[in-house]
Novice: 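Following this message is one structure expressed as structure tokens.
Any value given below was found using the heavy atoms of this structure, including those in side chains, with hydrogens, waters and symmetry copies removed. First the proteins, then the strands, lettered A, B, ... as listed; each starts at 1.
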Amino acid sequence: MTPLCAALTVLLAPLLSAAVIALLLGRRGGPASALSTLVSALVAGLALWLAVGGRHFSASREWLRFGDFAISMGFQFDALAALMLSIVGVVGLCVHVFSLGYMRDDPHKARYFGGLSMFMFSMIGIVLADNLFMMFVFWELVGFSSYFLINHWHERREAADAAKKAFITNRVGDWGFLLGIILCYWTNGTVSLSGLAAEHAFSRAVALLLFCGAVGKSAQLPLQVWLPDAMEGPTPVSALIHAATMVAAGIYMLCRIEPIMAPDALTVITWVGTLTALYAALCAVTQRDIKKVLAYSTLSQLGYMVAAFGMGSSSAAMFHLTTHAFFKALLFLGSGSVIMGCHHEQDIFRMGGLRRRMPLTFWTFTVAVAAISGLPGLAGFFSKDAILALAYGASTPVFAILAFTAALTAFYMFRLWKIVFLGAPRTDAASHAHEAGLPVTAPLVLLAALSVVGGYLRLYPAGLSAVFAGVHEAEGGARIVILGTSLVVLVVGAGAALAFYGEGGTDALEERFPGLFGLLVALRASFDAAYGWYVAKVQRRVAIALNFVDIVAIAGAAVRGLAGAVEIVGFGVRALHTGRLGTYVYWFLGGVVILWAYAAGLL
Amino acid sequence: MTPSLESYVMLSAALFAVGFLGVLIRRNTLVIFMCLELMLIASTLALAAFSRFNGTEDGDVFIFFILTVAAAEVAVGLAIIVALFRARQTVNVNELDSLKH
Amino acid sequence: MDFSTLRQLAAGNAWGAIWPEVSLACLALLLLVLEMVLPRGAHRRIPAVSLLGQLAVLALVLTHLGAPTRPLFNGLIEQSPSGQVMRAFLIAASILVCLLARESLPRQPVPRTEFHHIVLVVTAALMLLVQSRNFVMLFVALETVTVGFYILVSYTRGNPGSLEAGLKYLVMGALSSALLLFGIVLLYGVAGNPALPGRTAEAMQYPALAAFLEANPHNFMAAAGIVLVLAGVGFKIGAVPFQIWVPDVYQGAPTPVTAFLAVSSKAAGFAVLLVLVEQVFLPYEWLVTPVLTCMAAATLIFGNLAALKQHNVKRLIGLSGVSHAGFILLAVIPAAHSQAAAGAVYFYLVAYLLASFLVFGVMTVMSGPDDTRQELGDYAGLARQSPFLAGVLACGLGSLAGIPPLAGFLGKVFAFVAAFRAGHYGLLALAVLGVVVSIYYYFGWIRAAYFSDEPPLSADVLARVRSSGLLLRVVLALLAVGTIALGFYQGPLGSLVSGQ
Amino acid sequence: MEHAAFICLSAFTLACAACVVLSRNTVNGAMCLLLCLMGIAGLFIQLHAALLAFILILVYAGAVVTLFLFIIMLLDMQGGRPWRPRGVEIAAGAVSAALVIGGLDLLALRGRLPSAVPASAEVGASLRLYAYQLFTTYFLPVQVIGFLLLIAMLGVILLSHRARREGPR
Amino acid sequence: MTLDPLLLAVAAPLCVAAAIALGLPKKLAVPLAYLGFGVPLLVSLWAWASFGAAAKEAHGYAFVTRYSTGLDGFGIALKLGLNGIALPVFVLAGVVGFAAGLYAIQSGAERLKTYLLLLLIMQGGLMGAFASVDVFYFYFFHELALIPTFIMVGVWGGRDRTYAAMMMTVYLTLGAMLSLVGLIAIYVKSGASSFDLFAIRDALSAAPLGTVTQTHIFGILLFGFGILVSLWPFHSWAPPGYGAAPTSAAMLHAGVLKKFGLYGLIQVALPLLPSGLGRWGSTLLVLAAVGNVLVIGLVTVAQRDLKQMVGYSSVMHMGYAFLGIAAASALGASGVVMLMVAHGLSVALLFLLSTSLHRRTGTFDMEAMGGVAQKAPLLAWLFVAATFASIGLPGMANFWGELTIFVALWQFSHWATVVAVAGTIISAVYGLRAAANIFFGRPTETFERVCEASPPSDLAWGERLPAFILLATILFIGVWPRSISVPINAALGAPRAAAAPAR
């Protein structure tokens, strides 16, 4: 089987399964879930096969042509794509399997798995796309699948709103993305990735506009607001879409178009990423909802990747993307298992002491926490160090902020870990928590393993390691500094968290430093407040005002008014018919006089 | 010397105008009708003058037709006026305005 | 009284050529004879006789369309293709009028035979009128028509409204014929003047007069005569400012007579106007074109605006008729130079005939003994009670409004094309606005018939609708089909008007 | 001499016409109309159209005016409310009079006709000529006139009859 | 003579209408109505399938036939044919017409026969308008299709139907009349003295008009057609009209009939008056179109009544079309044609579903619903699909049109492009908010009470089938845009059009 048709299969199999589920299996959850999972397994297998095979190829087919303007659909399968594809495949498989357990009793299981397949299709489309138009197509489609899946429990108003918010916020990002693509088309004459790689027409506008897309999809400042709300969706969805793959698509896209990145654009990108990382970490500290904590940590990690890209190393960004995909997916799935255990309880302060009840979950979760906090030897450590090293070389403030963020990361992750797993159960739900079946645990184990080994680059197959060519260990003094820094931040962060948070069912920070806590909460809420104000006070009022104008001025005054005026004239003319011969003959007189005068040339 | 053609034409035009004025200012149906007849006759005068001075007979023949037509018109018109008087007891055109607007 | 006179008489007068008029006249006489000889019980048959007779004549005329152009009766009248068309047109119109009369007269305490008689005579006179090429002939025929209409308009003499309309038509008509007459006299006098170039001995004849006018293109007396003649014709076609009588007379006259006025009299007026503009007044275009343009503009504006808020259907149809005069003038003005424009006029008239009689048919069915007071409101619920009549009405009004696929649309298009070709852009703009306004009142009528079921048709109206004669219904259906078919396929008529 | 006669006749005729228009009493109006017709007849004679003058007197004085008078009597209006124009009517009349007179002036000024010598035509000849014309050139109109008179007669009968029995079915 | 499919497509509905008018009994009328709507669908699909292979005559027209109606002297003859521009719209008319017909037949409206009669007339008119090469008949059939809406709105309409019907008709007649004058102007000025598009094209390519003349005529056509297509600020007829119109009429009018104006601009005005657009396009047109997108877009956001919202949204989307025309390039025009088809399908679907929704909830007020998805999931997801189609989700037909227009527009005006693309956000806002308010969350008390009274069922087959047909077409074009882009490209004759493989 040639790589090309393998790729085709990888792309189309999920679509097929989604179609079959939508048309045939709409009511039957069991077969639907089975089909979807099998397909995802197939996808994962083929993806790995392609990755290991390391065969790069590209193919393209014209899809739409008007004169000189043509849109084509095609694959560009290189190391980068291979890496992303295998991540999507593996994580996707894990999530599918996990969902078998997690969504076992859901009445709309079929719809859910249909959505998952749809998402797989769209995501793989982005991965394989060989030009920006095609990427945009699937870009929108992942947005749709995300909307669909967040909206899964649509009878909950929050879920519906979250889905809406996610899609619209992404649309805002895509506004820039599309403009960027169009501008890129007219400036470079092409949008195919290979073509752009050859072009090297650095354009700040193009770069920044395209970056808007990444800002939306990867939830960077100021468009980050949708991601935390997106946690309304089922947890596996959060794991797949809002942690591992879709939100990472932004970074992936940036890496695809690296050649046309203008230097000064990169600075902007760096700072956006850095600030996002810091902001999200600060927000995460105050969260009580387990998924929200993870969501903000996702934001923060995405910030790292963007910053890394901004500092000119797509390798580092992709490296962190990879490891993050593993441990963040693990974290989410772990939290999912916890939530299942506690009968869909998400408030960490109503859990506690789950170490005994759910040992497997506990250990895998611990691995993930350690990995994200950068415990030496685990995946997160290497990737984060690579980024810190970059920052150290690039600019001191960025380095400082990222380091501080790393400390915060350790702090809130260990806070979470301690409050959820250690101590005694605070609710009977927690006390009766129990481990779920194999479908739930197996993915945890697999991902835990990946989170451990994911950091060792030489373990990656040759086909993929090309991506990480740009990842350098820092040398000499720098190396000591980086190493030291990461260890210090880990110890400080983790230690502070462990020391600070007690057994109590309340947030220690809130009690001891209410001011600081309030500040952080306000910081988190500020963006939502701003957008809320805009929507409610500006957009809505303008809309109503315009509606008023449309009804009163155009439809009313202009149209009805004109009609009314004509009618009044009509009444007047009608009144000329007095019914009296005496007046009628004067019409004749007038007529004759006018005609006569005209004949005499007087008029 | 004989009066000129123009004097005849102007005379008939003046008669015509007088008739027209009568139609304009009178309110009595019968008088209006008389004035209309006057207008017809006035034009016959001009016709006669023209045919006399241009030496063409068509005019005289035309007068014959005009007179006949006028007579018929008078007959029908007076019949209508009478019938209307029976119905409305008036010949004042200002009071005959049931059809209007 | 010698023999040569008789020979002369025989030579000049080709009675055979005007057999349609002659036979109509004989038919009219026959009706009177029948009324005398037949027992009273059999009088109900007389209308049928007149209908059948006219049908026969119409059939014969239709077979003789496209007769060659030739002068008759020493040039008093002229036979021409367009004249043939108008002949058929007028006979068809009179048939339909008689049909409507057959439906409506029995509701009135009036004799019927005389009605048919007068209609026949008037129709014959109209036919001569449109073919006349001599002012004497024109005047005589015109007066015959006018006097006939005096009688017809005030025919239902039990009804004061009818008599009042008669009086108004009488005074206005007499006034306008006086003006026309004086105009003719002036033209005759100036054309016969020996001292002027191109002087002619037979100034009453169109060709001679045209030659004279050609020789003196800027004579004031001639100009005065021309405008007076135009004023006289303007009265017939109901063009502003000679239209003011229209709504009152239309309202007061019995519905069939209203139809007769609206269609035959107006059509004949336009035929005469066309002949004058094309053949006689051509040298005075500097005068005729602007005069007619102003008339057309005023007519378009006035007719549509006046009809806008009109609720009495007979006045409404009258005023809409005024606006139609405006549309037709649109095509008359350039007719002097374009065969197609003249064709457009005839096509418009035919479409107008079909559409008007559709509407008048429905009005006749709906109208009671006093048919002067028929309001739009009376049509509420028609569509529910009698879908057929409502459909017919919608068809007719749609065609009057100029909606495809109905014939009226083509008429308007041809008129617009003619006006555009001649470069009368302002007039065209007015016409477009006129169409838009007209949509308002025509569709207001349809709305009355279709949208509102409250109040439902009154009992007697319903009874009349139920009892309306089958023959009338069949004819209405045929007219509707004709209106639609003519919109889709114009066939020979189309090629005739497009001058091929 | 002929000219003087013309002046007198025309003055007389115009005066009578004015009386027709202005007379308060309808009967007087009718009478003035009669006199006016006489004057016109006289002018016809001056125009060597004695036959026409004859017909005019016959038809008009003999028939039309009589008919008018008869109707006036019938409608019992000789006493009738005399005509009292209102201010508006007077104003309108004045305006229209001005307009009409202006029109006449136009005709007088612009309508100059090269005055021709009257062709000499014999009265006797013209009668013969009439018959000839009527029976040859204008034979068709004569027939039409016949029908016109017929329907006029019918119409008068119809309009003046009291309602017939032919009521609604 | 051999049977001419196009003529058949035009005649079939009209003949059925005539048959019903002549008083066919109901149990015969309905099956015949199926025929009347089915034949155009089949013909249009056949034409779509065989267009590529069909032999092309002058100007890339296929299936050309000519029937003389006796007006050859005026240069008028019923000449039918399809080129790459007409074909997609023709197909659109066939599909939407069929869907509307099905929906009408099952709607069980009172006086169903009259309803079907009018709808059939509309259908016939639409097929004719888009299939006729003769400009005269192009207008003729449009008017023919336009007028039935008056009676349909007035008799079967909803809130203040009488006023809506009256205003809509008078307003649209104004537009139609203006465009008629424009067409007459072309007819006369071109010197072809024929309404046959071929003749006019040849005449004008031989001796083009002066720029001033072109500009004047184009202005008349632009505003005439603009009124028909609800160009801002001449849109006031649309929202109340669609708000009041019965479903099938709204589907056909908003979906197909409205496109006539755009079609006229692209098929007639742009090629015949190449230099006429200039002044208008760069100033008034682009401003008005931006008004459509931005102003009307925001107005749409303010709507509470679902049908009003759909009406306004269709007005808004016309803005994209006008921008595409303003772009004055083959690319832009091509995008407009694609968008016409796509928007026609999606807006028809939206109207259909709104009515189905109204049947279940008894209201169009979006605030008064909620949680309908729990009662009628299929309806919900179809509606969401339609919404996403209308907001230009890739994989749905609308996307390609909008994308092409944006790309073309950038060359013409940057700021307009920025605004236009921002419009996609606005449409996402109102579309998704409507979906969320109506279908998701918990039902409002009022709606709860409605459900108590009559538990709403999911879509019946009579409603499903038309919806599926429309959605399927949307998806097909969305996934495989070549299916219509190839003929469009061939027709609009962009530089390398010939090179485009006609697959």
Novice: Using a plain distance cut of 3.5 Å, could you tabulate donor-acceptor pairs between chain C and chain A?
Specialist:
residue : atom : partner : partner atom : Å
C/K168  : NZ   : A/G579  : O            : 2.8
C/D248  : OD2  : A/Y584  : OH           : 2.5
C/K309  : O    : A/R574  : NH1          : 2.9
C/Y440  : OH   : A/E567  : OE2          : 2.8

Novice: Given a strict heavy-atom distance threshold of 4.5 Å, which part of C/I226 is in contact with chain A: side chain, backbone, both, or neither?
Specialist: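 Neither part; nothing is under 4.5 Å.
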Novice: What residue, out of A/V566, A/L581, A/V592, has the most heavy-atom pairs lying under 4.5 Å from chain C?
Specialist: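 Option with the top pair count is A/L581.
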Novice: Would you mind checking which part of A/V585 comes under 4.5 Å of any heavy atom in chain C, side chain (CB onward), backbone (N, CA, C, O), both or neither?
Specialist: both
Novice: Distance check, rounded to the nearest 0.5 Å: C/M295 atom CE versus A/I594 atom CD1?
Specialist: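 Answer rounded to 0.5 Å: 9.5 Å.
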Novice: Checking C/F220 against chain A: side chain, backbone, both or neither under 4.5 Å from a heavy atom?
Specialist: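 Side chain of C/F220 only, per the 4.5 Å heavy-atom cut-off to chain A.
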Novice: What's the shortest heavy-atom distance between A/A599 and C/A224, and which atoms?
Specialist: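 Minimum heavy-atom separation between A/A599 and C/A224: CB-N, 4.3 Å.
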Novice: Only pairs of heavy atoms separated by less than 4.5 Å count here; which of C/L308, C/I244, C/L287, C/V171 has the most with chain A?
Specialist: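 Ranked by contacts with chain A, first place is C/I244.
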Novice: Heavy-atom distance under 4.5 Å to chain A: side chain of C/I301, backbone, both or neither?
Specialist: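 The answer is neither part of C/I301.
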Novice: With sequence neighbours excluded, what pairs up with C/F149 under the ring-ring contact (aromatic ring centres under 6.0 Å, His included) test?
Specialist: C/F260
